[in-house]
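Worksheet: one structure, shown below.
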Amino acid sequence: MEIEKSFSQTKSPFLSYLSSYAKKMKGELKEEPKINYRDAVVSSLGGLIAIIISSSIALALGYPMALAPIGASCVLVFGAHKGPLSQPRHVLGGHFLATVSALIIWSLFHRSLITIAIVLAFVLILMIITKTVHPPAAASAIVAINTGAGWGFLGIIMICACVVILISTVYNNLFQERQYPRYWI
């Protein structure tokens, strides 16, 4: 507290910047919303159905590594179904762009620590520019390049992402207080 006061009282631009920088790290006081246990159970059951079907497809076709990013997509699509990052454009577009980018970079440069880092940075900027940010899609990219799964991985990721979207659309709209998607494009 004393340090903040001494920074704010000085005329130095650097110390002023440092003070405002440090204040950002305090965060904001936020009251946590009440947990809706019924909604949590509904979300969990939807995610369970989606991951069982997606897992069956991925395992049958020999791509068990697809389960991690698809499972993470299930968490967003069912647990945060109203959020922008869980809408179909983000899920499908994010997985497609991230996986294709990773496979192209993997085809050209193979796997290394540097290519994994470049893939993540490239995928992040690409998803931001195209407005398709979906964090599990970055996991798809990392899995694609780290395992060297090949181009068949793209098909599995896209099939499973479509399954998750389809199940979420049918399942979530069965409940009066839930709607999915909020928008498609």
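Positions are given from 1, in the same order as the sequence printed here. Just the heavy atoms: all of them, side chains too, but no hydrogens, waters or symmetry mates, feed the values below.
Between F96 and V91, every side-chain heavy-atom pair lies at or beyond the 4.5 Å cut-off. Side chains of V119 and W106 form no contact here, defined as non-hydrogen atoms less than 4.5 Å apart.
Looking at residues two or more places apart in sequence or on another chain, you find a side-chain contact (heavy atoms from CB on, under 4.5 Å) between S101 and F122, V123, L126. Contacts of Y183 classified as side-chain contact (heavy atoms from CB on, under 4.5 Å), with partners at least two apart in sequence or in another chain: P84, Q87, H90. Scored by the side-chain contact (heavy atoms from CB on, under 4.5 Å) test, A139 finds P69 as partners (sequence neighbours excluded).
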Q. Which is it for Y180 and V170 under the side-chain contact (heavy atoms from CB on, under 4.5 Å) test, yes or no, and what are the steps along the way?
A. CA-CA 8 Å; Y180 184 84; V170 171; over 6 Å; no
Q. Step by step, would you call F78 with S168 a side-chain contact (heavy atoms from CB on, under 4.5 Å)?
A. CA-CA 7 Å; F78 289 94; S168 183; 3.7 Å; yes
Q | Stepwise side-chain contact (heavy atoms from CB on, under 4.5 Å) check, R38 with E177 | A | CA-CA 11 Å; R38 181 178 183 277; E177 67 282 353; 2.5 Å; yes
Q: Dump the intermediate steps for side-chain contact (heavy atoms from CB on, under 4.5 Å) on I35 and Y37, then the final yes or no.
A: CA-CA 6 Å; I35 296 172; Y37 292 102; 3.7 Å; yes
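The same ILVMFWY cluster, assembled from side-chain heavy atoms under 4.5 Å apart, contains both L48 and V41. Linking Ile, Leu, Val, Met, Phe, Trp and Tyr whenever their side-chain heavy atoms come within less than 4.5 Å leaves L166 and L61 in two separate clusters. L103 and L124 fall within a single hydrophobic cluster, where Ile, Leu, Val, Met, Phe, Trp and Tyr side chains are chained together by heavy-atom contacts under 4.5 Å. Hydrophobic clustering of Ile, Leu, Val, Met, Phe, Trp and Tyr side chains at less than 4.5 Å, counting indirect connections, keeps L59 apart from V164. The same ILVMFWY cluster, assembled from side-chain heavy atoms under 4.5 Å apart, contains both M65 and V100.
Taking the six-membered ring where the residue is Trp, Y17 and Y21 present parallel rings, their angle staying beneath 30° rather than reaching 60°. The aromatic rings of F153 and Y63 are tilted relative to each other, their planes meeting at an angle between 30° and 60°.
Here the closest heavy-atom approach between residue S54 and residue V163 is recorded as OG-CG1, 3.7 Å. Residues N173 and T169 share a closest heavy-atom pair of ND2-O, 2.7 Å. Of all heavy-atom pairs spanning T130 and R89, the tightest one is O-NH2, 2.6 Å. Nearest heavy-atom pair across S140 and H95 is OG-ND1, 2.8 Å. G47 and C74 get closest at one heavy-atom pair: O-SG, 4.3 Å. Between G94 and H134, the closest heavy-atom pair is CA-CB, 4.5 Å.
Interatomic distance, CD1 of I70 versus CD1 of I159, reported as 10.5 Å (0.5 Å rounding). Going from atom OG1 of T99 over to atom CD1 of I156 covers 11.5 Å, rounded to the nearest 0.5 Å. Note that the CG atom of N146 and the OG atom of S112 stand 10.5 Å from one another [nearest 0.5 Å]. One finds the CG atom of L120 at 5.0 Å from the CD1 atom of I142 (value rounded to the nearest 0.5 Å). Atom NZ of K23 is separated from atom CG of L18 by 11.5 Å, given to the nearest 0.5 angstrom. Here CG of L92 is found 10.5 Å from OG1 of T132. Values are rounded to the nearest 0.5 Å.
When each of Q179, R182, R178 is checked for a side-chain hydrogen bond (donor to acceptor under 3.5 Å, both in side chains) with H81, only R178 meets the rule. Here the rule is side chain to side chain contact (heavy atoms under 4.5 Å, CB included) with I167, and of V77, I53, I52, N172 only I53 fits it.
The number of heavy atoms from other shown groups lying within 6.0 Å of CD1 (I114) does not exceed 12. Environment of CZ in F175: crowded, with over 12 heavy atoms of neighbouring residues, nucleotides or ligands closer than 6.0 Å. For CG of L108, the number of neighbouring non-hydrogen atoms (other residues, nucleotides, ligands) closer than 6.0 Å is greater than 12.
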